[in-house]
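Keep in mind that this is a model prediction, so the values were computed, not measured. Order of appearance sets the numbers: ligands from 1, and atoms from 1 within every ligand.
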Amino acid sequence: MQLVEPLSDRELNRVYTPILSPLVWDLGHIANFEELWLVQTVGQRQPLNGHLGRLYDAIENPRRTRGELPILRGDDLRAYLEDVRERTFEVLDEVDVEGTEDALLSDGFVYEMLIAHEHQHNETMLQLIQMLDGYEPVDVDPAPDGEPISEGPEMVWVEGGEVEIGAPQAGFAYDNERPRHTLELAPFLIDRTPVTNAAYASYVEETGADPPMYWEPDGQGWWVRTAMGRRQELDPGRPVIHVSWHEADAFARWAGKRLPSEQEWEAAARGADRERANLDQLAFGCARAGAYGDAACDSGAVQLLGDAWEWTSSDFLPYPGFRPFPYREYSQAFFGDTYKVLRGGSWATRRNVIRTSFRNWDLPERRQIFAGIRCARDG
Ligand code: AVJ
Ligand code: FE
């Protein structure tokens with residue numbers, strides 16, 4: 001609600017691009033999904049408005065169609081958000097998440113899932129907000145700018161061997177992170193810090209490749225960043241962000257490297273600490289590459305969590321023995337060679353969404369997501 005506070009109903013309703021929903025759809029969808037799982041499924045209550053479910057179904061309604069739907073708007077939407085939350089709390093008073101065998105309720109699984117769902121949509125909303133000229137955040141909490149440990153392109157060695165991939169059995173995780181399994185990895189090298197704007201600008205200059213989204217020439221041989229309609233000098237020391245998979249892959253090859261597989265990424269991220277990472281949206285941008293020098297993970301690399309999502313070479317596929325839970329449309333509907341896996345979260349990711357086993361996915365041409373690059377090389 002803090003993210004949309006500066007916006008009028010007109011801005012909430014407006015379709016800015018066919019590749020993103022109007023903000024009003026995300027808000028209604030967040031509440032409708034909560035009603036579906038926490039009020040109807042857990043609480044066995046009737047829906048407040050039986051028709052809404054269809055309008056907020058993400059699979060039935062592709063993003064480009066969402067602006068035209070007869071969804072809730074204005075005060076009707078605000079009333080619905082409040083009604084659903086009130087009913088959620090009513091049901092929560094009645095349920096027992098400890099003494100139950102029900103996998104949906106046990107340890108509050110479905111509650112964790114709904115919080116994660118809402119928080120993931122907050123990041124999607126922030127993708128749209130990047131496109132709003134003159135957006136003024138209610139609250140900004142800039143990332144700490146420690147002395148960078150390295151300007152790149154230093155690499156760290158990861159031994160490989162038998163590595164454990166995926167989420168442990170206990171605790172909340174999405175179905176696509178399970179089952180946890182062991183596999184054999186060859187030794188490899190991975191960049192110690194995320195690829196910087198400076199490195200990407202050299203690549204653009206040398207090859208004539210397109211600049212990332214939200215870069216414009218400043219007329220003096222450098223670049224300005226134009227997100228949220230601003231014109232700020234591009235900071236060469238920050239991680240590059242808003243590049244597609246194709247761009248990330250081409251950059252890595254130009255640098256004589258390659259993208260890591262998602263398994264390599266996860267092995268390299270062992271010991272990463274999400275409490276010491278630029279997450280949770282309020283920095284409104286990346287910290288300098290290398291700024292979290294005292295928060296390195298076991299491999300010695302930094303900023304695997306937070307700042308920018310990192311594209312991997314991997315297609316979004318099920319792990320061996322995958323079982324959809326609790327609904328097949330979360331992951332299973334997307335498995336195949338259409339989507340690429342991203343890891344690690346960004347400054348725009350809510351902190352409790354991310355962990356080293358978390359798998360995000362998107363189309364290889366997507367650039368409005370908060371995605372950057374970390375390269376690898378065979379050991
Ligand atoms: C995991 C970010 C790809 O937004 O499509 C939200 C998350 N799933 N509601 C998406 C999701 C259902 C999903 N991503
Ligand atoms: Fe959703």
May I have the angle between His117 NE2 and His121 NE2 with its vertex at the Fe ion (ligand 2), rounded to 10°?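 Between NE2 of His117 and NE2 of His121, the angle at the Fe ion (ligand 2) is about 90°.
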
Which residue owns the protein heavy atom closest to [atom], what's the atom, and how far is it?
atom	result
atom 13 (C) of ligand 1	Trp361 CZ2, 4.3 Å
atom 2 (C) of ligand 1	Asn360 OD1, 3.3 Å
atom 11 (C) of ligand 1	Tyr330 CE1, 4.0 Å
atom 6 (C) of ligand 1	His121 NE2, 3.3 Å
atom 7 (C) of ligand 1	Gln120 NE2, 3.5 Å
atom 10 (C) of ligand 1	Arg63 NH2, 4.9 Å

Give a yes-or-no answer on whether the side chains of Thr312 and Glu262 include a donor-acceptor pair shorter than 3.5 Å. no

With no hydrogens and no angle check, do the side chains of Thr124 and Gln127 hold a donor and an acceptor under 3.5 Å apart? no

Aromatic ring proximity Tyr330/Trp361, centre distance under 6.0 Å: yes

Cys297 and side chain to side chain contact (heavy atoms under 4.5 Å, CB included): which single residue from Leu305, Leu304, Thr356 fits?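 Result for side chain to side chain contact (heavy atoms under 4.5 Å, CB included) with Cys297: Leu304.
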
Does the distance from a Lys or Arg side-chain N to an Asp or Glu carboxylate O, for Arg231 and Glu216, drop under 4.0 Å? yes

What are the atoms of ligand 1, with element, lying closer than 4.0 Å to any heavy atom of His117?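 Result: 6 (C), 9 (N), 12 (C).
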
With heavy atoms and a 4.0 Å threshold, my read on which part of Glu123 contacts ligand 1 is neither

Geometric cation-pi criterion, Arg359 with Tyr319: 6.0 Å, 45°: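 That pair qualifies as a cation-pi contact.
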
The Fe ion (ligand 2) - closest N/O/S atom in His29: NE2

Salt bridge (charged side-chain N to carboxylate O under 4.0 Å, His left out) partner of Glu247, the single match among Arg253, Lys340, Arg367, Arg366: Arg367

